[in-house]
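In what follows, chains carry the letters A, B, and so on, assigned in the order in which the sequence lines appear, proteins first and then strands, with residues in each chain numbered from 1. Computed from heavy atoms alone, side chains included, the values below leave out hydrogens, waters and symmetry copies. Quick caveat, the model's predicted, so the values are computed rather than measured.
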2 protein chains.
Amino acid sequence: MRTGIATVCLSGTLREKMQACAVAGFDGIEIFEQDLVTSSLSPEDVRKLAADLGLTLDLYQPFRDFDSVPEDLLASNLRRADAKFRLMSRLGMDTMLLCSNVGTATIDDDELRAAQLSRLADLAGEYGVKVAYEALAWGKYVSDYEHAHRLVDMVDHPHLGTCLDSFHILSRGWDTAPIEAFDPAKIFFVQVADAPKLTMDVLSWSRHYRVFPGEGQFDLAKFMGHVVRAGYTGPVSLEVFNDVFRQSDVERTAVDAMRSLIWLEEQSARWLEANPAAAESGAAGTAARRRYPMELATLPRVAEPAGFNFAEVRAGDTAGLETLLSQLGFAFNGRHRTKNVQLWTMGRARLIINEEPAAGQQAAAAAAISTAISPAISALGFDVDSPVIAAARAQQLKAPAVPRKSQANEEVFQGFAAPDSTEIFLCQGSPDGTAAWVGEFGEPHEPGNARPPVVAAGGTAPAAGPVAGAVIDHVNLAQPWQHFDEAVLFYTSALALEPQPYAEVASPTGLVRSQVMLTEDRGVRLVLNLAPLLQQEAAGTKEPGESGTGHRRTYQEHVAFAVTDLVATARAARDRGLDFLQIPANYYEDLDARFALDPDFLATLRELNLLYDRDADGEFLHFYTATVGSVFFEMVERRGAYDGYGAPNAPVRHAVQYDHLHQLTRSS
Amino acid sequence: MRTGIATVCLSGTLREKMQACAVAGFDGIEIFEQDLVTSSLSPEDVRKLAADLGLTLDLYQPFRDFDSVPEDLLASNLRRADAKFRLMSRLGMDTMLLCSNVGTATIDDDELRAAQLSRLADLAGEYGVKVAYEALAWGKYVSDYEHAHRLVDMVDHPHLGTCLDSFHILSRGWDTAPIEAFDPAKIFFVQVADAPKLTMDVLSWSRHYRVFPGEGQFDLAKFMGHVVRAGYTGPVSLEVFNDVFRQSDVERTAVDAMRSLIWLEEQSARWLEANPAAAESGAAGTAARRRYPMELATLPRVAEPAGFNFAEVRAGDTAGLETLLSQLGFAFNGRHRTKNVQLWTMGRARLIINEEPAAGQQAAAAAAISTAISPAISALGFDVDSPVIAAARAQQLKAPAVPRKSQANEEVFQGFAAPDSTEIFLCQGSPDGTAAWVGEFGEPHEPGNARPPVVAAGGTAPAAGPVAGAVIDHVNLAQPWQHFDEAVLFYTSALALEPQPYAEVASPTGLVRSQVMLTEDRGVRLVLNLAPLLQQEAAGTKEPGESGTGHRRTYQEHVAFAVTDLVATARAARDRGLDFLQIPANYYEDLDARFALDPDFLATLRELNLLYDRDADGEFLHFYTATVGSVFFEMVERRGAYDGYGAPNAPVRHAVQYDHLHQLTRSS
């Protein structure tokens, strides 16, 4: 599949955009006219730069408001087109995008339109240019891709074809199956864009909210399947107008864009496999996969991860974390034999405290920085069938690898960096949920390093009891607003997590958008939180360079552990002196008004600072610890088939955490 | 008019919200349930705090999903209501908002609904509580305020009335005139919210995009006029769900909110005057203004400003500005006799260069800071009929006054700070456009201060010629995203400027939202630019404390001057060595393709780096200077009735300025 991208998707100057596209590995680009008009590069400069960068110049766009006009305006439009065709000659470009008329069309007559398009095609022919006619979803008379294609058929001119743009087709809900019957020689260009399903006017939706494939809700694999089956072999090119991408780092956005096409290519191949055409579904069709003129490269195929292998918190001063974990009932499993790392476990849940500075921090004064690192979630391990294959897939999806030093005889983790710089490790899963690398722990790192007590004073060893079967239930990560869509695609494509419809939760500093990413069996639940802007500004989100350190991220994140008896777990933790997040009395009154709870049960909830939710599927009990650095922990118990996260309680947590943070600020 | 506001409009904890409401001067508040549930304040604490702050607790809200349900669910809903009525007793509150059912309604039967509402009213009566029933715009069966009111009439119960919310009514486009016929005793509450006219689903629109009155496009004065004429005398309370306000400084937002009600009160009084009811329009009616039960306070009334009196740039090092102004053809009018301030004029346009540190900067090391101030627009003067009356109006609208020291015999400027901290001064206009205070200039500030040359070497004195009739055409100010809506209301209410539909302009770092604020005769054109977020983060917008200094604001802003012969002005400036913003050759090719310009004219445009636009009303020629600090200048010529700002050319300016800035960054 030949990959392309329109320059309008990216920030920066035309030169910066082109360089970023080349670095990201695109085959070609569409030149968005405004990017050329505002550039100090001459057309000849652009042509040479593209050649030097190994980029083809696939489409000049857009040419607007041509057809369905009176003769005098047509003459002016042809003159305008002539100037652009001349310009394209200088650029060495042979395909122009023509949008159906929005602004100046006054005559709704297909015969007239065809005649006018024919005259444009004649003129284009003189310059060797092909015109790709596209029905804009809000075109005045032509807004349906089949209508545009009928006009192309009527004109039947070698220099007039159609451009299929997934947004203009799928935003209107048109069926894409008819594409298969199109003459591939008449499909001059294909543009792809995804979008969240929004109920707003289609023009605003298109201009602001398009995203790269895999970041929205359109069925692009099906669209592409039809296109491929039609026999199209030209570029598949991204045209995404997005308010955030226009502002974001150009090289990073280009990589995100490329990742989306690599993923789409694979998804399209899978769709074709899963949906054989009528002619292919006979004995012969099922025997061998049908070959299409467009070659679709595939990726190493991986199953969704079975669960979390571990979660890791990086910290300079670990005392606060150790106290919390001990009080929660975690067992200290010792230090790693070669690294300055602690292992804590509860049932099958493993939590690592990493005292080593991150890769980016090692250069200058590692020791000095290390103690300054405020505790923050730095890495997540996922159980996969084959770490090597999964890592190969992630690599092909342009996930940046992260180095993790290891000694001989130690398990090597395949790791890469998520868009928010959290390190993601692919680990060998096991049927019983154990992990071989645990054997590397046990000895103190160095003689001088005392081992923390396994349980806090007064507690009992928690090997059995309510936490015996504990697992990591979910992990909640804060996302910088510039990289939120990128993160959704990243986890979708590299880890096969499925994005769910997002929720919005009120906090004292604004609405928090909460995006759950799931595996089908709920073995992995990852929650991406898009914090309000001012909160992010205050916290200072991680920068691309700050790989996995999280030390500037004071927005609170957490790891949640599921147990089978939350009340007993909470009681034990309270007896060990745990600093619970204190839940206001008003909450319990409201809970009672809503659910009419048994008075004893309500008293227990109140006594232990437990939160509660209930829906048609089951019940949810949970509590939170105080925050250390930017990390806190949650303990949950799922009853019945409850599948949520206690969203109605989230505002309570945010408000209490905010209040606590402000009290700290005021008292300091 | 009794003023109120729902706590959900504001950020922070319930205590912070209540304190901010008291400081801003509200009479009462609505308690949004979630704010209480998440608060550590007990109901008794809240009651006492409100009393201490002098706030009435006007409405407990919302109570949801009550009516149109089967009997078993009704019983549960009544139990839930009972708990809330008990809570309200503890709070000392007597009115509850009941929203029409969205989630659980299954029976569409007005008789049943009325019976169920009657039972709720009976229960409410036991607690002395009044229930205000509101038709949500997206209610399942009841979504129309007249329908809700009919139900209230059917029930005819002293404890059941209606709540009128302007958003739910105006978002659906309902006629508001029928409100006049409502029995005022049945209108228990009135909520007001404005909104931009968006074409999206009404729920999302309501939850994210409501704004305070005057910041959107609803005709709230008319709505309020009908409410007042109905005889309503209760609170007029703001209920605004807005993603930005939820994040912004709570005290500041509360003041913005209060300003919107003060303005709405005046607008409502004016609407009633201008739209007499049928019964009032006879001889008796016109003779005396009809009195309504609700008293509407009015503000000092001012005409729109006639023009800009001056623009002021604050700068530590003034050399760059002086050079630009000289080269443009400005005349140096000397220094102020008591202040460290220069006056430059071109025709009737006056530009001040202020070398004094701003008020907030004087404390510590004024001299040191002063030289560090990068040139930035710091103040604007407006010509008004009566500065004293206009200042009184602004003061009543809670515009913060700014001190400006003056000596005896000097004109005193009435000044206040705009939301972006630009200082706004109200000046005495004159029929011939002159300003008396100009006489205070002429002498060097102190002996050591050499006067800059009136024109640069090689130039000629520009007293006459193409710039003789020059005026300030428009001023373009960058707005922090947190204060954009506030700025629109500020200029609307305090200066009687009229907001126009906004435009969006592409820049290399994102879309720039451009909001024009006008007077009817175009004497004042103010353009508020909402820059992309990342651009703002990089620039560092002015903080509330940094009154008028602008020294952290590196986002570019400008003053545009209109002349009668731009080509001659540009030629003269070029001869004086002006550093023009360099326009790419590609722009002129595109211009020719679009407009088919006379080749000589096109050559002139190209030669002088002029930009061009044309529409049905006329033509627009303009050019830009290079940027000094965060300031650049624009010279424009309007031909015919052209009323725009060359918006199609704005992306060219942004791209070239971006490129230039990056070249500077790269070379430094």
Counting heavy-atom pairs under 4.5 Å with chain A, which one of [options] comes out on top?
options	value
B/N586, B/L198, B/V656, B/V250	B/N586
B/P584, B/A81, B/A655	B/P584
B/R86, B/R246, B/E33	B/R246

Contact origin within [X] toward chain A - heavy atom pairs under 4.5 Å:
X	value
B/R90	side chain
B/Q582	neither
B/F595	backbone
B/Y658	side chain
B/R80	both

Write down the atom of [X], the atom of [Y], and the distance for their closest heavy-atom approach.
X	Y	result
A/A506	B/Q34	CB-OE1, 3.3 Å
B/D659	A/S40	OD2-OG, 3.9 Å
A/R79	B/D592	NH1-O, 3.6 Å

**Message:** Could you check whether any side-chain heavy atom of A/H208 comes within less than 4.5 Å of a side-chain heavy atom of B/E504, counting everything from C-beta outward?
**Reply:**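 Counting from C-beta outward, A/H208 and B/E504 do come under 4.5 Å.
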**Asked** Do the non-hydrogen side-chain atoms of B/T199 and A/M200 ever get within less than 4.5 Å of each other?
**Response**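 Counting from C-beta outward, B/T199 and A/M200 never come under 4.5 Å.
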**Item:** Contacting region of A/L87 [heavy-atom separation from chain B under 4.5 Å]
**Value:** side chain
**Prompt:** So with a 6.0 Å cut-off around CZ of B/R15, is the heavy-atom count from everything else above 12?
**Reply:**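 Check fails, neighbour count at 12 or below.
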**Asked** Looking at A/D590 and B/K84, does any basic side-chain N land under 4.0 Å from a carboxylate oxygen?
**Response** yes
**Prompt:** A/L14, A/V37, A/V8: which one forms the most heavy-atom pairs within less than 4.5 Å of chain B?
**Reply:** A/V37
**Message:** Can you tell me which of A/P651, A/S11, A/G12 forms the most heavy-atom pairs within a distance under 4.5 Å of chain B?
**Reply:** A/G12
**Prompt:** What is the distance from atom CD of B/Q657 to atom OG1 of A/T38, rounded to the nearest 0.5 Å?
**Reply:**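 So the CD of B/Q657 and the OG1 of A/T38 are separated by 12.5 Å.
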**Message:** I need the A/S76 OG to B/R594 CZ distance, nearest 0.5 Å.
**Reply:** 12.0 Å
**Message:** Given 3.5 Å as the limit, does a donor-acceptor pair link the side chain of B/D243 with the main chain of A/L511, or not?
**Reply:** no
